[in-house]
S.K.: 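I have a structure I would like to understand better, so I am pasting it below and will then ask my questions one at a time.
Just so you know, these numbers come straight off a predicted model, no measurement behind them.
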Amino acid sequence: MRKAALVAGGAALVLALTACGGKTDGNGTAAPAPGGEQKDAISALFSDPIQLADAAKAGTEKSKSSKFTMETAMAGITMKGSGQAEYSGANSKMAMTMDMMGMQIEMRLVDKVVYMKMPEALRAKSGMTKEWAKVSLDDAAASKQAFGADFNQLLEQNNPAKTLEQIKDAGTIKKSEKTTLDGQPVNHYSVDLDFEKMKNNMPSGIPAEAVDQLKGKNLIIPMELFVNADNLPVKIEMDMGPMMKEIAGDSPQAKQMGEMKMTMKYTDWGGPVDVQAPPADQVGDMPKK
């Protein structure tokens, strides 16, 4: 049960940082979506997951920024968040707000420093004396501060381009269709991800012992991918239920813990992103424990 809860927490944090990473142009600024304004005609459907992943990845690496929303549903609890991000690899920046169980957490990433604003009760419990806590990416990687997460790994492995790499390495397109989503034409792909084939593209935030436990289980993770006329992701859904059921095992809460779905939506690809560090007098160091 504890291991399943850790995986759930890590996976939620992964979603929070999904929109960060990728490559940048020479001056590090966001570029317009490929082809300029949104196209009216949707592209042809791909049948090869490698071609699909390459086309979509090219679009995300060129556009470099978006707004996003996220939602994770597990065991009757829903966690929601929204924000904006610029995908510039190690120089990525992001601002987002996340609501979990009646509590609101605000997170910013700028100049390779993570800032987190926690509810007052959690700040008091952790010994935080300032409204915001900060930790550099390097220190977070070394000490696993901030929920035990290695933010460098999360930034590298959990961004739209990296999700598309998972499709390339481990995906099988089971079904595809042309449809509409939020009023725009999209291509919808139902993809099965073979957990064993992910190799170096394993989802971050999952404890190493859980990954070891899942090896040899012939585990399939269903994904629903929606891309627009520029082959840019506009919605990604992942059903982590099969993975959670394997981790939870025979515990009394296994059935309830085994239900977990994650959804990301992206809009305003290539738009401007403005993320500022909080005022210095409101910031303290992130607690190490």
Side-chain angles (χ1 to χ4, degrees), residues 3-4 7-8 10-12 14-15 17-19 21 42-60 68 70-75 154 156-181 186-208 210-228 231-249 254-266:
K3 188 185 297 182
V7 172
V14 162
L15 274 183
L17 295 173
T18 296
I42 195 70
S43 60
L45 291 166
F46 290 100
S47 58
D48 183 347
I50 295 177
Q51 293 178 343
L52 167 62
D54 285 345
K57 185 178 178 183
T60 61
F68 63 89
M70 54 164 282
E71 181 172 313
T72 302
M74 184 197 72
L154 289 171
E156 172 62 24
Q157 293 192 7
N158 293 278
N159 59 76
K162 204 66 178 184
T163 299
L164 296 167
E165 285 288 342
Q166 293 175 345
I167 294 176
K168 186 174 182 177
D169 291 346
T172 300
I173 298 174
K174 306 299 291 184
K175 184 176 66 174
S176 62
E177 64 174 347
K178 293 180 180 291
T179 185
T180 58
L181 180 67
V186 295
N187 285 343
H188 171 208
Y189 297 90
S190 297
V191 179
D192 281 352
L193 296 176
D194 186 330
F195 191 84
E196 291 286 335
K197 293 181 180 179
M198 287 187 187
K199 298 179 180 178
N200 295 328
N201 284 330
M202 287 286 184
S204 295
I206 302 177
V211 173
D212 290 339
Q213 179 182 338
L214 294 169
K215 288 181 178 178
K217 299 289 187 179
N218 296 319
L219 183 63
I220 298 297
I221 299 177
M223 173 191 288
E224 303 295 329
L225 171 66
F226 299 78
V227 299
N228 65 13
N231 286 313
L232 288 164
V234 292
K235 183 178 180 181
I236 299 175
E237 296 179 337
M238 294 186 71
D239 183 358
M240 309 296 284
M243 182 182 74
M244 297 299 292
K245 289 176 182 177
E246 288 288 350
I247 294 172
K255 183 176 181 180
Q256 189 178 33
M257 287 293 296
E259 300 174 358
M260 182 175 181
K261 292 186 178 180
M262 303 187 295
T263 302
M264 288 290 298
K265 290 186 176 181
Y266 301 93

S.K.: Salt-bridged, Glu237 to Lys235, with N to O below 4.0 Å?
M.R.: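 A salt bridge is present here (some side-chain N lies under 4.0 Å from a carboxylate O).
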S.K.: Can you tell me how far the CD atom of Glu71 sits from the NZ atom of Lys265, to the nearest 0.5 Å?
M.R.: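 Glu71 atom CD to Lys265 atom NZ measures 8.5 Å (nearest 0.5 Å).
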S.K.: If the condition is side-chain contact (heavy atoms from CB on, under 4.5 Å), which residues does Ala73 pass it with, not counting sequence neighbours?
M.R.: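 Once residues adjacent in sequence are excluded, the partners of Ala73 under the side-chain contact (heavy atoms from CB on, under 4.5 Å) criterion are Thr78.
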S.K.: Nearest heavy-atom pair of Ala53 and Lys168: which atoms, and what distance?
M.R.: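 The answer is CB-CB, 3.7 Å.
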S.K.: Nearest 0.5 angstrom please: Phe195 CZ to Asn218 CG, how far?
M.R.: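 Taking CZ in Phe195 and CG in Asn218, the distance rounds to 12.0 Å.
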S.K.: What residues form a side-chain hydrogen bond (donor to acceptor under 3.5 Å, both in side chains) with Ser190, not counting sequence neighbours?
M.R.: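 Ser190 satisfies side-chain hydrogen bond (donor to acceptor under 3.5 Å, both in side chains) with Glu224 only.
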S.K.: Run the side-chain contact (heavy atoms from CB on, under 4.5 Å) test on Asn187 and Phe46 for me, step by step, so that the C-alpha distance in whole Å, both residues' side-chain angles and the decisive distance to 0.1 Å come before the verdict.
M.R.: CA-CA 9 Å; Asn187 285 343; Phe46 290 100; 5.8 Å; no
S.K.: Are Glu196 and Leu219 side-chain neighbours, meaning at least one heavy-atom pair lies under 4.5 Å?
M.R.: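 When only atoms from C-beta onward are counted, Leu219 and Glu196 do not touch, as no gap falls below 4.5 Å.
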S.K.: To check you understand the geometry: which heavy-atom pair defines the closest contact between Tyr189 and Ser176, and what is its length?
M.R.: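 The answer is CD2-CB, 3.7 Å.
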S.K.: How close do Asp192 and Pro222 get, counting heavy atoms only, and between which atoms?
M.R.: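 Here Asp192 and Pro222 meet closest at OD1-CA, 4.1 Å.
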S.K.: Rounded to the nearest 0.5 Å, what separates atom CG in Leu164 from atom CG in Asp169?
M.R.: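 Interatomic distance, Leu164 CG to Asp169 CG, rounded to 0.5 Å: 11.0 Å.
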S.K.: Rounded to the nearest 0.5 Å, what's the gap from NZ on Lys57 to CD1 on Ile167? Could you check?
M.R.: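 With rounding to 0.5 Å, NZ (Lys57) is 12.0 Å from CD1 (Ile167).
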S.K.: With Met238, which of Leu225, Thr263, Leu193, Thr72 fulfils side-chain contact (heavy atoms from CB on, under 4.5 Å)?
M.R.: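 With Met238 as partner, side-chain contact (heavy atoms from CB on, under 4.5 Å) holds for just one option, Leu193.
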S.K.: List the atom of Leu45, the atom of Glu177, and the distance in Å for their closest heavy-atom pair.
M.R.: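 Residues Leu45 and Glu177, closest heavy atoms: CD2-O, 3.7 Å.
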S.K.: Where do Thr60 and Leu232 come nearest, in terms of heavy atoms and distance?
M.R.: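 Minimum heavy-atom separation between Thr60 and Leu232: N-CD2, 3.5 Å.
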S.K.: If every non-hydrogen atom of Pro49 is compared with every non-hydrogen atom of Gly171, which pair is closest and at what distance?
M.R.: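 Scanning both residues, the minimum pair turns out to be CG-O, 3.4 Å.
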